[in-house]
Amino acid sequence: MNLTHLYIKLFKYIINKISITKKTLYLGTEYGGWHFIHNENLNNSLMISAGVGEDISFDIEMINKYKIKVVLIDPTPRAIAHISEVSRSLGKSKTRDFLDGGSQPIEAYNLKNVGENDFTLIKKALFNKSNQIVKFFEPPNPEHVSHSISNWQNDFKKNTNYKEVTTLTMSDVKNFINQDINILKLDIEGAEIKVIPNLIKSNIFPYQILVEFDELYKNSFLAYLKTTYIFLILFLNRYKTINIGNFPNFLFVKKELI
């Protein structure tokens with residue numbers, strides 16, 4: 001067993017030991033759904049959903065269940081087109097089932113009680129720098145929707161196809177909404193490594209953070225080392241990780257809610 005495999009094994013062992021077993025709810029499709037902790041404070045609160053692609057099942061179901069206001073963040077053209085289709089279908093009931101995979105038919109969303117004020121879309125990339133033009137690298141499979149600033153899907157190469165997008169930080173988002181954030185969902189293809197430290201540095205502390213650490217799919221020593229750093233930052237700021245059994249998706253909750 002080499003050093004990388006040893007570190008990965010140690011990381012998973014420690015995370016398993018420190019994770020808290022607590023009942024969670026799961027909303028959304030198998031692909032786009034998330035675990036979270038039910039709390040009455042979710043009613044009429046605010047959720048930030050960064051990285052939405054063509055599956056906003058979690059966001060729509062959260063709106064239906066809690067009348068939560070959702071700020072969607074994604075500059076990907078296909079994601080923007082998907083949200084536009086959803087907006088044109090508001091008020092319509094669900095007429096078909098969700099599909100496997102990450103591209104959902106609009107008819108699968110229950111939009112009967114969803115209004116135009118329930119969600120808004122910011123067409124920028126969440127990062128640790130504000131108002132910067134960055135390369136947004138395309139996935140290796142053109143059928144996939146998720147782009148990445150770090151380009152982890154293409155082994156961090158700098159010469160693959162990309163689009164240019166404008167960035168914003170969580171401070172920018174906070175200034176835009178001027179409201180406490182109950183849930184922050186991060187599915188941002190590696191940028192979470194930069195966003196979470198910037199979030200804490202900006203003194204923004206959502207009650208729940210739902211995050212996919214995409215680089216862990218690479219099983220590299222560096223990816224696990226960077227993720228360990230994120231866990232340490234969150235632990236030192238009174239977050240606990242909840243055992244959801246959905247690696248590399250994690251749920252962090254402020255200690256006060258547990």
Side-chain angles (χ1 to χ4, degrees), residues 31-32 34 46-59 69-88 101-104 106 119-177 181 183-202 204 206 209-218 223 226-227 230 248-249:
Y31 176 90
W34 291 82
L46 179 77
M47 180 172 81
I48 307 298
S49 182
V52 297
E54 297 171 314
D55 184 339
I56 60 168
S57 55
F58 175 68
D59 311 285
K69 300 298 182 185
V70 180
V71 177
L72 306 167
I73 304 174
D74 200 321
T76 312
R78 280 169 53 183
I80 295 171
H82 189 75
I83 303 304
S84 294
E85 271 196 84
V86 170
S87 296
R88 290 192 292 269
S103 181
Q104 296 303 331
I106 305 303
F119 64 91
T120 186
L121 172 63
I122 299 177
K123 303 171 187 177
K124 294 184 179 182
L126 191 61
F127 202 44
N128 65 338
K129 297 177 181 179
S130 180
N131 202 33
Q132 299 288 306
I133 304 298
V134 299
K135 294 178 179 179
F136 206 41
F137 292 97
E138 298 176 6
N141 185 339
E143 293 186 3
H144 295 168
V145 67
S146 298
H147 289 50
S148 171
I149 293 176
S150 72
N151 205 20
W152 72 272
Q153 299 172 90
N154 291 295
D155 298 319
F156 306 99
K157 295 175 183 176
K158 300 301 181 183
N159 59 349
T160 61
N161 294 333
Y162 65 87
K163 297 174 174 61
E164 289 188 339
V165 298
T166 304
T167 64
L168 81 166
T169 65
M170 280 302 301
S171 290
D172 296 326
V173 177
K174 191 72 163 57
N175 290 336
F176 170 72
I177 57 176
I181 301 167
I183 290 183
L184 170 63
K185 188 219 78 181
L186 299 173
D187 187 2
I188 49 179
E189 305 301 318
E192 65 279 354
I193 297 297
K194 299 290 187 179
V195 167
I196 293 175
N198 182 259
L199 175 82
I200 301 301
K201 183 180 179 181
S202 302
I204 300 172
I209 301 175
L210 291 51
V211 55
E212 180 177 28
F213 290 104
D214 293 279
E215 290 187 17
L216 294 187
Y217 286 115
K218 289 293 182 182
K226 289 188 289 187
T227 307
I230 301 301
N249 286 10

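It should be emphasised that the depicted structure is a prediction, and the values quoted were computed from it without experimental measurement.
Of all the heavy atoms in Ala125 and Ile149, the pair that sits closest is CB-CD1, 4.1 Å. Looking at every heavy atom in both residues, Ser150 comes nearest to Phe156 through O-CD2, 3.4 Å. The nearest pair of heavy atoms linking Val173 to Ile48 is CG1-CD1, 3.7 Å. Between Pro206 and Leu199, the closest heavy-atom pair is CD-CD2, 4.0 Å. Shortest non-hydrogen contact noted between Asp59 and Ser49 is OD1-OG, 2.7 Å. Taking all atoms of both residues into account, the shortest heavy-atom contact from Ile193 to Pro197 is O-CD, 3.2 Å.
A distance-only check finds a donor-acceptor pair linking the side chain of Glu192 to the backbone of Gly190 [under 3.5 Å]. Remark: the backbone N or O of Gly51 is paired with a side-chain donor or acceptor of Lys185 at under 3.5 angstrom. The main-chain N or O of Lys157 is found under 3.5 Å from a side-chain atom of Asn151 such that the two form a donor-acceptor pair. Remark: side-chain polar atoms of Asp55 are not paired, donor with acceptor, to backbone N or O of Gly102 under 3.5 angstrom. Put simply, the side chain of Gln153 gets close to the backbone of Ser146: a donor and an acceptor are under 3.5 Å apart. At distances below 3.5 Å, not a single donor-acceptor pair connects side-chain atoms of Asn128 with backbone N or O atoms of Asn198.
A distance of 5.5 Å separates CG in Leu168 from CD1 in Ile122, rounded to the nearest 0.5 Å. Taking CZ of Phe213 as the start and CD1 of Ile188 as the end, the distance is 10.0 Å to the nearest 0.5 Å. Put simply, CD1 on Ile209 and CD1 on Ile183 are 11.0 Å apart, with the number rounded to the nearest 0.5 Å. Distance CG/Leu126 to NZ/Lys194: 13.5 Å, rounded to 0.5 Å. Here the straight-line distance linking atom CD of Glu189 with atom CG of Asp214 works out to 4.0 Å at 0.5 Å rounding. Taking CH2 from Trp152 and CD from Glu215, the interatomic distance works out to 8.5 Å, rounded to the nearest 0.5 Å.
Legend: residues meeting ring pair (Phe, Tyr, Trp, His ring centres under 6.0 Å) with Tyr31, ordered by chain and number and at least two apart, are absent. With sequence neighbours left out, Tyr162 forms a ring pair (Phe, Tyr, Trp, His ring centres under 6.0 Å) with Phe137. In terms of the side chain to side chain contact (heavy atoms under 4.5 Å, CB included) criterion, residue partners of Asn249 (sequence neighbours excluded) are, by chain and number, Trp34, Glu212, Ile244, Asn246.
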With side-chain contact (heavy atoms from CB on, under 4.5 Å) as the criterion, how do Ile196 and Leu186 come out once you've worked through the C-alpha distance, each side chain's angles and the decisive distance to 0.1 Å? CA-CA 9 Å; Ile196 293 175; Leu186 299 173; 3.7 Å; yes
Steps toward side-chain contact (heavy atoms from CB on, under 4.5 Å) verdict (Thr167, Asn131): CA-CA 5 Å; Thr167 64; Asn131 202 33; 5.7 Å; no
Before you tell me yes or no, could you show the steps for Ile181 and Met170 under side-chain contact (heavy atoms from CB on, under 4.5 Å), namely the whole-Å CA-CA distance, both residues' side-chain angles and the distance that decides it to 0.1 Å? CA-CA 10 Å; Ile181 301 167; Met170 280 302 301; 3.5 Å; yes
Check the pair Val134 / Phe136 against side-chain contact (heavy atoms from CB on, under 4.5 Å), numbers first and verdict last. CA-CA 6 Å; Val134 299; Phe136 206 41; 5.6 Å; no
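Within a 6.0 Å sphere centred on NZ of Lys218, heavy atoms belonging to other residues, nucleotides or ligands number more than 12. In Lys69, the NZ atom is crowded: over 12 heavy atoms of neighbouring residues, nucleotides or ligands sit closer than 6.0 Å. Within a 6.0 Å radius of CZ in Phe176, other residues, nucleotides and ligands contribute 12 heavy atoms or fewer.
None of His144, Arg78, His82 except one satisfies the side-chain hydrogen bond (donor to acceptor under 3.5 Å, both in side chains) rule with Glu54; the exception is Arg78.
Side chain to side chain, Thr169 and Asp172 meet the donor-acceptor criterion of an N or O pair below 3.5 Å.
Side-chain contact between Phe119 and Ile56: absent, with no pair of heavy atoms (C-beta onward) separated by less than 4.5 Å. By the 4.5 Å heavy-atom criterion applied to side chains, Pro75 and Lys163 are not counted as neighbours.
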